[in-house]
2 protein chains.
Amino acid sequence: MIPMDFVRTDSSAEVPPFEQVRRQLADAIESGRLKPRDQLPTVRKLAADLGLAANTVARAYRELELVGVIETRGRHGSFVAGSLSPHKAAGARLAADVVQRMRDLGMGDAEMLAILRDAVESHSRNPHPTPRRS
Amino acid sequence: MIPMDFVRTDSSAEVPPFEQVRRQLADAIESGRLKPRDQLPTVRKLAADLGLAANTVARAYRELELVGVIETRGRHGSFVAGSLSPHKAAGARLAADVVQRMRDLGMGDAEMLAILRDAVESHSRNPHPTPRRS
DNA sequence: CCTAACGATACAATCATTGATACAATGATT
DNA sequence: AATCATTGTATCAATGATTGTATCGTTAGG
């Protein structure tokens, strides 16, 4: 989850808090500080961080979604809309590649996922267990 | 039968019980606490010992088997696998490789997993080499 | 007053996990 | 051979958690 350390609200300001949140998020997305597919914190979490009610953040989200700047995918949360950033696109290509090859090996989805998850886990446990990559 | 005295579940923990079991077994195997050809308790027995449903332990076993860490020999029970089958080993290499590269891109574990999961899903939706099941 | 915004609460939808039950497979036993 | 027992597996409803949303009373400013 991306820290929303750039979102601040000032209750004594001219514009109301929900508008402050909306604007700062919009700016962050516009400026690239937040990239497409990035996941936003839940309305409750961001609200808690800012000392606001969930409803206030929710309104900011809703307005952003109406404009199409963010997307809400039900249970899964809210995400920055748009196409993938080059960064993630590169990752996605790598991922698609390995999935293709594993599928060529005759693996099913569940098997792939299990192996991939295991790889991620063990890789983070010890930094270079299989560094042999010519 | 080897006593699974090192497996404990905490229903109030972050990760769900089946994942706790899976992880503890995986750790025990990786650390040598459990050795190849060691027989695991039946899903029902371990479940009873832990106060869980058989299904919960079964899920842990199933995921471990997908990765190739354990083997189930039908009627005889489940055993710690020796070396990975060439099939699984190939998959593991591919997986370790892609994880390495994605990590080189500066990705965190959570981001990797999300992208990989997405790749598996979207790949299975597309009309790529569909598993010929004639 | 009246309007806009807030905050607490309740809500509908969705999803993962669990646990009960039934099942297929397979080896043992009679 | 026939039967039984025991393995892991599949299915499915119930539960609980968590998402954004809607409602409603309260409050501050004009």
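Source: prediction; values computed, not measured. Convention: sequence-line order gives letters A, B, ...; per-chain numbering from 1.
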**Study point:** nucleotides 11-24 of chain D: protein proximity per nucleotide (B base, S sugar-phosphate only, - neither; heavy atom, under 4.0 Å)
**Key:** B-----BBBBBBB-

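With sequence neighbours left out, Arg93(A) forms a side chain to side chain donor-acceptor pair (under 3.5 Å) with no residue at all. For Asn55(A), there are no side chain to side chain donor-acceptor pair (under 3.5 Å) partners at least two apart in sequence or on another chain. Residues satisfying the side chain to side chain donor-acceptor pair (under 3.5 Å) test with Lys35(B), not counting sequence neighbours, are none. Partners of Asp27(A) under the salt bridge (Lys or Arg N to Asp or Glu O under 4.0 Å) rule, at least two apart in sequence or in another chain, do not exist in this structure. Applying the salt bridge (Lys or Arg N to Asp or Glu O under 4.0 Å) rule to Arg59(B) yields the partners Glu63(B); only residues at least two apart in sequence or on another chain are considered. In terms of the side chain to side chain contact (heavy atoms under 4.5 Å, CB included) criterion, residue partners of Phe79(B) (sequence neighbours excluded) are, by chain and number, Gln39(B), Arg73(B), His76(B). Remark: Lys88(A) pairs with Asp38(A), Glu111(B) by the salt bridge (Lys or Arg N to Asp or Glu O under 4.0 Å) rule, at least two apart or across chains. The salt bridge (Lys or Arg N to Asp or Glu O under 4.0 Å) test applied to Arg44(A) returns no partner, not counting sequence neighbours.
Look at CZ on Phe18(A): it is 12 Å from P on dG7(C), rounded to the nearest Å. Atom CG of Leu50(A) and atom C1' of dC6(C) are 14 Å apart (whole Å). Atom CD in Glu63(B) sits about 15 Å away from atom C1' in dA10(D), given to the nearest Å. As rounded to whole Å, 15 Å separates atom C1' of dA16(C) from atom CG of Leu113(A).
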Practice item. Could you check Asp97(A) against Val98(B) for side chain to side chain contact (heavy atoms under 4.5 Å, CB included), going step by step and ending with a plain yes or no? Key: CA-CA 9 Å; Asp97(A) 226 52; Val98(B) 77; over 6 Å; no

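Bending across the helix from dC1(C)-dG30(D) to dT30(C)-dA1(D), expressed as the angle between its end axes from five pairs apiece, amounts to 10° (10° rounding).
Note on residues 7-20 of chain A: pairs passing salt bridge (Lys or Arg N to Asp or Glu O under 4.0 Å), not counting sequence neighbours, are Glu19(A)-Arg22(A), Glu19(A)-Arg23(A).
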Check nucleotides 26-30 of chain D against the protein and report each pair of N or O atoms closer than 3.5 Å, with its distance, or say if there are none.
none

